[in-house]
Amino acid sequence: MFDIQEIRSQFSILDREVNGKPLVYLDNAATSQKPNSVLDVCHAYYTELNANVHRGIHTLSQLATEEMELSRRKIQKFINAEHDFEVIFTKGTTEGLNLISYILTQKLQKDDEIIISYLEHHSNIVPWQLLCERTGAKLRVIPIDENGVLQLDYFDNFLSEKTKVVSVNQVSNALGIVNPIEEIIARTRKNTDAYVVIDGAQSAPHFNIDVQKLDCDFFVFSGHKMYAPMGTGILYGKREILEALPPFHGGGEMIATCSFEGTTYAGLPFKYEAGTPNVGGNIALGAAVDFMNRVGHENIQNHENALLEYAQRHLLEIEGLKVYGEKAKRTGVVSFNLEGIGISSDVGMILDKMGIAVRTGHHCTQPIMEFFNIAGTVRASFAVYNTFEEIDLLVEGVKKAQRMLS
C-alpha cells in the first residue's frame, strides 16, 4: 500500500525548516533528496568497508568489491540490460554523454550528421558540437511546436545515409515533456544504421526503464536525481558496440597489460572505468534502486502524475499564469511564468522566504527559452515524497509573489 507519510519519514531532511517555515522541496529535477537507507549505506561504507576495489586481496577490498559489483547487478536489473558488464559507472549523465561523443569520434567524418532536438539539456548539445568540431560533421535539430512537442516530420526528413548519431532525451528537464523515444528509435532503425543515444536523466527517476525493449545503443542517467548521492551515474551501452570502440580515459583499472611499448585494454566494464571509482556512491546507487523497487515504479508514477495534474490545475486558476508545454504529455515538472513579471528568480526568492524550494532560470536549456522568447521559467518538480498539501503551499506562494511583484 502506498503510504506517503511512511515514505516521507524516510527522508530526514524533510523535517527541517527554511526561513522559519517547514521545507517544501520542489526542485527534484535538479536533484532529489536521499532516503535514510541510502545515507546509511554511504556511512556504512566509509566506517566499515573503506577500501579500493578490484585491486586488493585483503578482506576490506574484497568486501567493497563485492558490494559495488552487487550494485552493478541491481542496476542491470533496474534497466533490464542483458549483461552486467554493459553497465558502466560514471559521475553522471554529463560524463556519460561526453564519453559517448568522444569514443564515437573515429566513426564520423566530414559532412556526416548528428541529430538532436530542441528540447535538449546543454549536456546533450555541447558534446555533439565538440564532436562536430573534431570531425567536420554537422548538427541537425528536431524543432518543436508551440506546445513544446517534437515535430517528427522534420526528423523523418533529416534521416539519411549521412545520419550517424541520434541523441535525444526521454523527458525534458525544463518542461517535463515526455518524448516519443520508442517511435524515434523505430524510425531511426528503419532508415539508418545510426547510433541511438537516450538521455534518461529525467526519466530514470520516474519510469520503468527497459533498454532491451527500447533497443537503444546507449542510455545514460544520473544517480543524484533518483535518490542516490551526487557524483554517481550510469552509462549503458550494447556489448558489441562498447567492445568495438576505444576507451575514454586512460589509467589504472582499464588496462589488461601496460608497457612502454604499448597497452592493451581490459574487458568490459573496466575498459571505461579508469581510476578509483566513487565506491561508496556506487554502492549507494544500488541502495537507491532498492528504495525505488520497494515503493514500486507504478506507485511512483501514479503519485507523481497526480501531483502534476493537481499542481497544473490549481496554478492555472491564477490569472496571468502561463504553463509551458501545458498541452503536451509530461511528467514530474510544471514550468511557468507570471504575466508582467519578467524575472523568474524574483518569484523564486519570494517562495524561498516561505520555505518553498523551486528552480528558476533557463535550466541549462537556453534554446528552449529562446524559442519561447523568455529569459527563464519558474520550475516546480516533484518526487515520490511530495504531497498535495505542499502543492497548495506552492500555489499560495505564487499568488503572494504575484501580489508583491505586480
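Source: prediction; values computed, not measured.
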Evaluation steps, salt bridge (Lys or Arg N to Asp or Glu O under 4.0 Å), between Glu182 and Arg187 | CA-CA 9 Å; Glu182 296 87 350; Arg187 295 187 188 195; over 6 Å; no
Go through the steps for Phe218 and Val196 under the test side-chain contact (heavy atoms from CB on, under 4.5 Å), then give the verdict.
-> CA-CA 6 Å; Phe218 301 98; Val196 178; over 6 Å; no
Go through the steps to decide whether Ile88 and Tyr236 satisfy the test side-chain contact (heavy atoms from CB on, under 4.5 Å), and finish with yes or no.
-> CA-CA 6 Å; Ile88 311 297; Tyr236 157 81; over 6 Å; no
Thr105 and Leu131: side-chain contact (heavy atoms from CB on, under 4.5 Å), yes or no, with the steps?
-> CA-CA 6 Å; Thr105 299; Leu131 179 55; 3.6 Å; yes
Before giving the answer on side-chain hydrogen bond (donor to acceptor under 3.5 Å, both in side chains), spell out for Asn305 and Gln301 the whole-Å C-alpha distance, their side-chain angles and the decisive distance to 0.1 Å.
-> CA-CA 6 Å; Asn305 288 341; Gln301 276 191 264; 5.7 Å; no
Before giving the answer on ring pair (Phe, Tyr, Trp, His ring centres under 6.0 Å), spell out for His54 and Phe270 the whole-Å C-alpha distance, their side-chain angles and the decisive distance to 0.1 Å.
-> CA-CA 10 Å; His54 304 131; Phe270 309 115; 4.8 Å; yes
For side-chain contact (heavy atoms from CB on, under 4.5 Å), just list the numbers for Ile350 and Val398, CA-CA rounded to whole Å, side-chain angles, deciding distance to a tenth of an Å, and then say yes or no.
-> CA-CA 8 Å; Ile350 292 172; Val398 172; over 6 Å; no
List the steps, then state whether side-chain hydrogen bond (donor to acceptor under 3.5 Å, both in side chains) holds for Thr192 with Thr163.
-> CA-CA 7 Å; Thr192 77; Thr163 307; 5.6 Å; no
Check the pair Arg239 / Glu243 against salt bridge (Lys or Arg N to Asp or Glu O under 4.0 Å), numbers first and verdict last.
-> CA-CA 6 Å; Arg239 172 184 185 172; Glu243 287 181 338; 3.2 Å; yes
So Gln202 and Asn173, side-chain hydrogen bond (donor to acceptor under 3.5 Å, both in side chains) or not? Walk me through it.
-> CA-CA 6 Å; Gln202 298 295 335; Asn173 72 297; 5.7 Å; no
Check the pair Tyr102, Phe248 against ring pair (Phe, Tyr, Trp, His ring centres under 6.0 Å), reporting the backbone distance first and the verdict last.
-> CA-CA 7 Å; Tyr102 177 83; Phe248 179 42; 5.5 Å; yes
Show your reasoning for whether side-chain hydrogen bond (donor to acceptor under 3.5 Å, both in side chains) applies to Asn191 and Asp156.
-> CA-CA 9 Å; Asn191 293 284; Asp156 289 336; 5.3 Å; no
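Annotation: Lys74, atom NZ; neighbour count of heavy atoms from other residues, nucleotides and ligands within 6.0 Å is above 12. More than 12 heavy atoms of other residues, nucleotides or ligands sit less than 6.0 Å from atom CD of Gln212. Atom CZ of Phe371 is surrounded by more than 12 heavy atoms from other residues, nucleotides or ligands within 6.0 Å. The neighbour count for Ile343 CD1, taken as heavy atoms of other residues, nucleotides or ligands under 6.0 Å away, does not exceed 12. The number of heavy atoms from other shown groups lying within 6.0 Å of CD (Glu319) does not exceed 12. Atom NE2 of His83 has more than 12 heavy atoms from other residues, nucleotides or ligands within 6.0 Å.
Among pairs with a residue in residues 224-235, those fulfilling side-chain hydrogen bond (donor to acceptor under 3.5 Å, both in side chains) read Thr31-His224, at least two apart in sequence or across chains. Among residues at least two apart or in separate chains, salt bridge (Lys or Arg N to Asp or Glu O under 4.0 Å) pairs with a member in residues 352-368 are Asp27-Arg359.
Here CG of Asn124 is found 7.5 Å from OG of Ser117. Values are rounded to the nearest 0.5 Å. Taken from CG in Asp145 to CG in Leu150, the straight-line distance is 8.5 Å, to the nearest 0.5 Å. Rounding to the nearest 0.5 angstrom, the gap separating the CD1 atom in Ile75 from the CG atom in Leu285 is 4.0 Å. Rounding to the nearest 0.5 Å places NZ of Lys329 at 10.5 Å from CG of Asn179. Distance check, rounded to the nearest 0.5 Å: NZ of Lys271 to CG of Leu245 gives 6.5 Å. Between the CD1 atom in Ile356 and the CG atom in Asn19 there is a gap of 11.0 Å [rounded to 0.5 Å].
With no hydrogens or angles considered, no side-chain donor-acceptor pair links Thr360 and Ser345 at under 3.5 Å. Residues Ser123 and His121 bring a donor and an acceptor atom of their side chains to less than 3.5 Å of each other. In summary, the side chains of Asn52 and Thr276 do present a donor paired with an acceptor at a separation below 3.5 Å, with no hydrogens or angles considered. Side-chain polar atoms of Gln10 and Asn36 form no donor-acceptor pair below 3.5 angstrom. Judged purely by distance below 3.5 Å, without hydrogens or angles, the side chains of Asp210 and Asn80 pair a donor atom with an acceptor atom.
Using a 4.5 Å heavy-atom cutoff, the side chains of Tyr324 and Ile368 are not in contact. With a 4.5 Å cut-off on side-chain heavy atoms, Leu159 and Asn157 do not count as touching. Between Leu321 and Glu339 the shortest side-chain heavy-atom distance does not fall below 4.5 Å. Taking the side chain as every heavy atom from C-beta outward, Trp128 and Ile100 approach each other to under 4.5 Å.
Residues passing the ring-ring contact (aromatic ring centres under 6.0 Å, His included) test with Tyr265, sequence neighbours excluded: none. Take Arg140 and apply the salt bridge (Lys or Arg N to Asp or Glu O under 4.0 Å) test, not counting sequence neighbours, and it matches Glu113. Every residue meeting the ring-ring contact (aromatic ring centres under 6.0 Å, His included) condition with His362, not counting sequence neighbours, appears here in chain and number order: His122. In this structure Arg189 satisfies the side chain to side chain donor-acceptor pair (under 3.5 Å) test together with Asp215, Asp217, sequence neighbours excluded.
In terms of modelled atom types and a separation under 3.5 Å, the side chain of Glu86 and the main chain of Glu82 share a donor-acceptor contact. Between the side chain of Lys34 and the backbone N or O of Ser32 there is at least one donor-acceptor pair closer than 3.5 Å.
Under a 4.0 Å N-O distance rule, the pair Glu17/Lys21 does not qualify as a salt bridge. Residues Asp112 and Lys138 are not paired through a salt bridge, judged by the lack of any N-O separation under 4.0 Å between the basic side chain and the carboxylate. Contact check on Glu273 versus Arg72 returns a salt bridge, with a Lys/Arg side-chain nitrogen under 4.0 Å from an Asp/Glu carboxylate oxygen. Ion pair Glu309/Arg313 flagged as a salt bridge, since at least one NZ, NE, NH1 or NH2 atom sits closer than 4.0 Å to an Asp/Glu carboxylate oxygen.
Note on ring orientation: taking the six-membered ring where Trp is involved, the planes of Tyr25 and Tyr385 are tilted (angle from 30° to 60°). Taking the six-membered ring for Trp and thresholds of 30 and 60 degrees, Tyr310 and Phe388 have ring planes more than 60 degrees apart, a perpendicular arrangement.
Here the shortest heavy-atom pairing between Cys132 and Ala137 reads CB-O, 3.2 Å.
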